[in-house]
Amino acid sequence: MADKTVAIIGNPNSGKTALFNVLTGLNQKVSNYPGVTVEQVIGKANLGVEQVEILDLPGTYSLVPESHDERIVSQEFANWALGNNRPDCIISVVDSTNLKRNLYLTSQFLDLGIPVIVALNMMDLARQKSIEIDHEVLNQHLGAFSVIPISARYHEGIDDLKSSLMNALESTSVIDSKLMVPEPVRDAVLPIQDWYKTHFGFADSLALSLAIRVTTSERVEGFESPNSALIETARSQLSSIGFPAETLDATLRYHWLDQIVPASNIPIEKRSRSERIDEILTHKWMG
Ligand SMILES: Nc1nc2c(ncn2[C@@H]2O[C@H](COP(=O)(O)OP(=O)(O)OP(=O)(O)O)[C@@H](O)[C@H]2O)c(=O)[nH]1
Ligand SMILES: [Mg+2]
């Protein structure tokens, strides 16, 4: 049987390569500045009985590329959407101390219909900053395959991540995006969503995601786009209801994340006594 493939994606400097090294036993360069990984790197990991191919990708904040290494990621997004080299699972590595910003890219990958495991990385730093995330509550809203707190640097949560990965690789459940899109916006982009569905045979979520992106940017990296008249009609319909098309994708995704990220924060008074003591100790002596 062919190897299964797992792709690691995320913002620059979120710890993707650190996790890749933990999973594969390789020693790719890890460093504390963005843009360290500039090509994709492949390694193998042993997950119980299975050998899995792991792909480490350059970091990016968005799918609108501003550099060569960012273009690699947006090109892969397009390839995977079109069914080329589609990974069996995506691990989205996020910096837990900067959750909302990091989940923006995650949310775009959630629309592909591939199981996504969100690795809440840098939990060691989050603890020091008294950031507590209820990962189960977060995932009820996010709709990923799972959300697993880890620290790639200190090898925390890696067993949980691996066992979730094994489950994801066996999973056949259908994944639907939970992104909140107001009805008038849905109506405005519906003809474009339909175009993506008939043209490429895409599922609803992916077609909607691309319709939103193409209406925002007028062009989506790696895909043929619908004709400009169709896009122009959607844009003027949006502006007539007060939605600026130029920022549509970011506005919708950040609005959604603004609702769901605070809902997953555990307020300090709700934490257990031992957690609170832990925090005091961390503050006082570990700084
Ligand atoms: N404290 C802490 N630091 C981490 C953790 N994971 C990674 N780092 C550090 O974060 C920095 C970035 O790690 P990389 O693995 O190079 O990040 P990357 O996402 O591959 O970065 P790019 O390839 O540039 O996109 C390094 O200094 C790592 O040591 C973690 O769990 N905790
Ligand atoms: Mg890297």
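Atoms within a ligand are numbered from 1 in the order they appear, just like the ligands themselves. One is the number of the first residue; the rest follow in order along the sequence. These values consider heavy atoms only, across backbone and side chains, with no hydrogens, waters or symmetry-generated copies.
For ligand 1, the atoms closer than 4.0 angstrom to any heavy atom of Ser31 are 11 (C), 12 (C), 16 (O), 26 (C), 27 (O). Interface atoms of ligand 1 facing Gly59, defined by a heavy-atom separation under 4.0 Å, are 25 (O). Residue Ser14 approaches ligand 1 through these ligand atoms, each under 4.0 Å from one of its heavy atoms: 17 (O), 19 (O). Residue-ligand proximity, Gly35 to ligand 1, at heavy-atom distances under 4.0 Å covers atoms 24 (O). Near Pro12, meaning under 4.0 Å from one of its heavy atoms, ligand 1 places the atoms 25 (O). Which parts of ligand 1 touch Pro34 is read off a 4.0 Å heavy-atom cut-off, strictly below it: atoms 24 (O). Near Ser151, meaning under 4.0 Å from any of its heavy atoms, are these atoms of ligand 1: 30 (C), 31 (O), 32 (N).
A 4.5 Å side-chain heavy-atom check between Val189 and Leu208 finds at least one atom pair inside the cut-off. For the pair Lys129/Met122, no side-chain contact is recorded, criterion being any heavy-atom separation below 4.5 Å from C-beta on.
Looking at Val22, Leu120, Asp124, it is Asp124 that brings a heavy atom closest to atom 1 (N) of ligand 1. Of the candidates Asn13, Ile8, Asp95, Asn13 brings a heavy atom nearest to atom 11 (C) of ligand 1.
Using a cut-off of 4.0 Å between Lys/Arg side-chain N and Asp/Glu carboxylate O, Arg213 and Asp111 are scored as not salt-bridged.
In this structure, Tyr33 is part of the shell of residues with a heavy atom less than 4.0 angstrom from ligand 1. Distances from ligand 1 to the non-hydrogen atoms of Gly10 include no value under 4.0 Å.
For the Mg ion (ligand 2), the set of protein N/O/S atoms nearer than 2.8 Å consists of Thr17 OG1, Thr37 OG1, ordered by chain and number.
Formation of a donor-acceptor pair under 3.5 Å by the Asn11 side chain with backbone atoms of Asp95 is not found in this model. Side-chain atoms of Glu218 never come within 3.5 Å of backbone atoms of Ser228 as a donor-acceptor pair (strictly under, hydrogens ignored). A donor-acceptor contact shorter than 3.5 Å links the side chain of Ser171 to the backbone of Ser173.
No side-chain donor from either of Gln237 and Asp187 sits under 3.5 Å from a side-chain acceptor of the other. Counted by atom type alone, Ser151 and Asp124 present one or more donor-acceptor pairs between their side chains at under 3.5 Å. Judged purely by distance below 3.5 Å, without hydrogens or angles, the side chains of Asn139 and Glu136 never pair a donor atom with an acceptor atom.
The only member of Val116, Leu23, Val118, Ile9 that meets side-chain contact (heavy atoms from CB on, under 4.5 Å) when paired with Ile91 is Leu23.
The aromatic rings of Tyr254 and Tyr104 sit parallel, their planes meeting at an angle under 30°, below the 60° perpendicular limit. Ring geometry for Phe223 versus Phe202: interplanar angle over 60°, hence perpendicular rather than tilted (30 to 60°).
Surrounding NE2 of His199 are more than 12 heavy atoms belonging to other residues, nucleotides or ligands, all under 6.0 Å away.
Ligand 1 has no N or O atom lying under 3.5 Å from any N or O atom of Leu125, backbone or side chain. Below 3.5 Å of separation, one finds an N or O of Val36 facing an N or O of ligand 1. Considering backbone and side-chain atoms alike, Lys29 places every N or O at 3.5 Å or more from each N or O of ligand 1.
The protein atom (non-hydrogen) at minimum distance from atom 6 (N) of ligand 1 is Asn121 ND2, 3.1 Å. Of the protein's non-hydrogen atoms, Lys16 NZ, 2.6 Å is the one closest to atom 19 (O) of ligand 1. The protein atom (non-hydrogen) at minimum distance from atom 15 (O) of ligand 1 is Ala18 N, 2.8 Å. Here the protein heavy atom with the shortest distance to atom 8 (N) of ligand 1 is Met122 CE, 3.8 Å. Nearest to atom 26 (C) of ligand 1 among the protein's heavy atoms is Val30 CG1, 3.5 Å. Closest to atom 23 (O) of ligand 1, if we only count protein heavy atoms, is Thr37 OG1, 2.8 Å. Of the protein's non-hydrogen atoms, the one nearest atom 29 (O) of ligand 1 is Arg153 NH2, 3.2 Å. When only non-hydrogen protein atoms are considered, atom 17 (O) of ligand 1 lies nearest to Gly15 N, 3.1 Å.
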What's the verdict on side-chain hydrogen bond (donor to acceptor under 3.5 Å, both in side chains) for Arg253 and Thr106, showing C-alpha distance, side-chain angles and the deciding distance?
CA-CA 10 Å; Arg253 290 182 193 277; Thr106 307; over 6 Å; no
Verdict with supporting geometry, Ile158 and Leu19, side chain to side chain contact (heavy atoms under 4.5 Å, CB included):
CA-CA 9 Å; Ile158 302 300; Leu19 176 62; 3.9 Å; yes
Walk me through whether Val6 and Asp88 qualify under side chain to side chain contact (heavy atoms under 4.5 Å, CB included).
CA-CA 6 Å; Val6 177; Asp88 301 284; 5.9 Å; no
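Between Phe77 and Phe109, the distance separating the two ring centers is shorter than 6.0 angstrom.
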